[in-house]
Structure formats: structure tokens, C-alpha cells
Engineer: 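My questions all concern the structure below.
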Amino acid sequence: YNMKKGDVYMINKSLTKWMRCVIVGMTLCGILIYFVIFPVIGSEIIKYYPELNDWFYPWISFIWLTAIPCFGVLCLLWRIIANIKSGKIFSLDNIKYLRYNSRFAVIDSVLFLSGNIILLFLNMSHPAVLLFSLFIVFMGISIAVLFEGLSRIGEKAYDLQIENEFTI
């Protein structure tokens, strides 16, 4: 099956449209979870356990702090999609954005783990919460490894692309 350059453009245009829809959906879900669901859950916990009232603001501040790297990843993914749409799939910018995303995931994982440990030592948490947070940290590190692997693959593809441009 031979595809023409216009066909590839249409596939890229359609793909990037769907990718942007996914990013918008993820952003809306993140806003809903971080800024609506978590505060409501915290308020409900305080309603049934008023002795935990002093824990609400430290915990909600900590949760909101961990949202920053997550939304940073989404912003960089949006830039990657813009580069894909413009035909720069294997570009140095995309490689750089993937590496930044890997760093964001590591930062978020370290922040999440250290915050849980600090809250535990301040007697504002339970050891079971710390154990559950290890699962989330594992997920964050897995995402970091995925982004780093994609950046390495993108780098190899970029090198091959440059090499092919110089081949007659």
C-alpha cells in the first residue's frame, strides 16, 4: 500500500486532533480530581472525623503541590503534538520535551514519597497511606522510564533522519 505525502499529512492531522482531545480530557480530569474530588473527600473525612480538621490544609496543599509536575507534563505533551502536526515528529525539541517529562515524573515521584514521609513523621498520616503511596511512586518512576526510553528512540530516529537527508 503506497501512501502519498498528502495521505500522511491527513493521518497526522487526524492523529494530532485525537491526541489533543486526549490531552484536554486528561487536563479536565486532573482539574476535577485535584481541585474538586480531593477537597470534597477531605471535607467528608473531616465531617466524620472532626479531630482530623488540622490535617486538611497540609494534606490538600501537599496534593495540589504534586499536581504541578503532572500539569507540566501535559503542557509539554501539547508541544510535542504541535510538532507532530507540523511534520517535525523526530525533532530535537520533541526529544528535549520527552526528557523534561521524564524529569517531571521523577520529581513528582520523589515529591510524593517525601511528602508522605514528612506527613507521617508529623503524625498527620498513617503508615498504610505511605505504603499505598509506594504504588503511586512506582507508577511515576515507570512513566519516567517510559519517557526516557521514548526520548532515546526519538534520538536514534532523529539521527537516522539526518543521515538520510545527507544520502543521495
Side-chain angles (χ1 to χ4, degrees), residues 16 18-85 88-158:
T16 55
W18 284 108
M19 291 168 76
R20 282 187 172 169
C21 287
V22 168
I23 297 298
V24 167
M26 291 171 71
T27 303
L28 292 175
C29 285
I31 290 169
L32 180 70
I33 290 169
Y34 278 106
F35 300 106
V36 176
I37 293 175
F38 283 150
V40 167
I41 290 172
S43 297
E44 289 296 314
I45 291 171
I46 290 171
K47 188 185 332 179
Y48 292 108
Y49 302 99
E51 65 273 8
L52 301 179
N53 191 35
D54 292 340
W55 295 13
F56 180 77
Y57 287 107
W59 265 102
I60 204 70
S61 299
F62 164 64
I63 288 172
W64 287 345
L65 184 65
T66 63
I68 294 169
C70 297
F71 288 113
V73 166
L74 293 173
C75 290
L76 290 176
L77 288 175
W78 189 269
R79 287 184 175 185
I80 290 171
I81 293 168
N83 284 340
I84 291 171
K85 185 175 183 180
K88 298 185 287 184
I89 296 171
F90 302 114
S91 67
L92 290 177
D93 284 340
N94 284 351
I95 294 165
K96 179 177 66 172
Y97 296 150
L98 287 168
R99 287 211 171 111
Y100 286 157
N101 279 343
S102 177
R103 290 181 185 132
F104 271 140
V106 169
I107 288 168
D108 198 40
S109 297
V110 169
L111 179 66
F112 195 77
L113 181 63
S114 60
N116 272 289
I117 291 170
I118 289 169
L119 288 170
L120 181 67
F121 282 131
L122 292 174
N123 205 21
M124 292 184 169
S125 188
H126 190 273
V129 174
L130 180 63
L131 287 175
F132 177 72
S133 73
L134 293 176
F135 172 73
I136 294 173
V137 169
F138 174 74
M139 294 295 291
I141 296 299
S142 299
I143 290 169
V145 170
L146 176 68
F147 278 130
E148 186 62 32
L150 288 173
S151 74
R152 299 271 172 96
I153 291 169
E155 192 172 19
K156 296 290 183 192
Y158 176 77

Engineer: Hey, are the side chains of Phe147 and Leu77 touching, using non-hydrogen atoms and a 4.5 Å cut-off?
Structural biologist: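 The answer is yes, as the side chains (C-beta and beyond) meet within the 4.5 Å cut-off.
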Engineer: Nearest 0.5 Å, please: how far is CZ in Arg152 from CZ in Arg99?
Structural biologist: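 One finds 6.0 Å between CZ of Arg99 and CZ of Arg152.
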Engineer: List in chain and number order the residues that pass side-chain hydrogen bond (donor to acceptor under 3.5 Å, both in side chains) with Asn83, two or more places apart in sequence or in another chain; answer none if no residue qualifies.
Structural biologist: Asn94
Engineer: Please name all residues satisfying side-chain hydrogen bond (donor to acceptor under 3.5 Å, both in side chains) with Arg103, sequence neighbours left out, ordered by chain then number.
Structural biologist: none
Engineer: Please collect all side chain to side chain donor-acceptor pair (under 3.5 Å) contacts where either partner lies in residues 56-82, sequence neighbours excluded, each pair once.
Structural biologist: none
Engineer: To the nearest 0.5 Å, what is the distance between CZ (Phe62) and OG (Ser114)?
Structural biologist: 7.0 Å
Engineer: Nearest 0.5 Å, what's the CZ-CD1 distance between Phe90 and Ile153?
Structural biologist: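 Taking CZ in Phe90 and CD1 in Ile153, the distance rounds to 9.5 Å.
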Engineer: Drop me the distance from Ile46's CD1 to Phe56's CZ, to the nearest 0.5 angstrom.
Structural biologist: 5.5 Å
Engineer: Examine distances only and state if a side-chain atom of Asn116 and a backbone atom of Phe112 form a donor-acceptor pair shorter than 3.5 Å.
Structural biologist: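 Yes, because the side chain of Asn116 sits within donor-acceptor range (under 3.5 Å) of the backbone of Phe112.
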Engineer: Rounded to the nearest 0.5 Å, what separation is found between the OH atom of Tyr97 and the CD1 atom of Ile81?
Structural biologist: 12.5 Å
Engineer: What side chain to side chain donor-acceptor pair (under 3.5 Å) pairs are there with at least one residue in residues 36-45, not counting sequence neighbours?
Structural biologist: Glu44-Lys47
Engineer: Please set out all donor-acceptor pairs under 3.5 angstrom arising from side-chain atoms of residues 23-34, sequence neighbours excluded.
Structural biologist:
unit_1, atom_1, unit_2, atom_2, d
Thr27, OG1, Ile23, O, 2.8

Engineer: List the residues meeting side chain to side chain contact (heavy atoms under 4.5 Å, CB included) with Leu65, not counting sequence neighbours, and say none if there are none.
Structural biologist: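 If we apply the side chain to side chain contact (heavy atoms under 4.5 Å, CB included) test to Leu65, skipping adjacent residues, the hits are Ile68, Leu111.
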Engineer: Only counting residues at least two apart or in another chain, list the ones meeting salt bridge (charged side-chain N to carboxylate O under 4.0 Å, His left out) with Lys88.
Structural biologist: none
Engineer: Could you pull out the closest heavy-atom pair between Phe38 and Ile63, with the gap in Å?
Structural biologist: CD1-CG2, 3.3 Å
Engineer: With sequence neighbours excluded, what pairs up with Asn101 under the side-chain hydrogen bond (donor to acceptor under 3.5 Å, both in side chains) test?
Structural biologist: none
Engineer: Does any pair with a residue in residues 123-138 pass salt bridge (charged side-chain N to carboxylate O under 4.0 Å, His left out), and if so which ones, sequence neighbours excluded?
Structural biologist: none
Engineer: Donor-acceptor pairs under 3.5 Å, side chain of residues 118-144 to any protein atom, not counting sequence neighbours: which ones?
Structural biologist:
unit_1, atom_1, unit_2, atom_2, d
His126, ND1, Ala128, N, 3.0
Ser133, OG, Leu130, O, 2.5
Ser142, OG, Phe138, O, 2.8

Engineer: With sequence neighbours left out, write down each residue that passes salt bridge (charged side-chain N to carboxylate O under 4.0 Å, His left out) with Arg20, or none if nothing qualifies.
Structural biologist: none
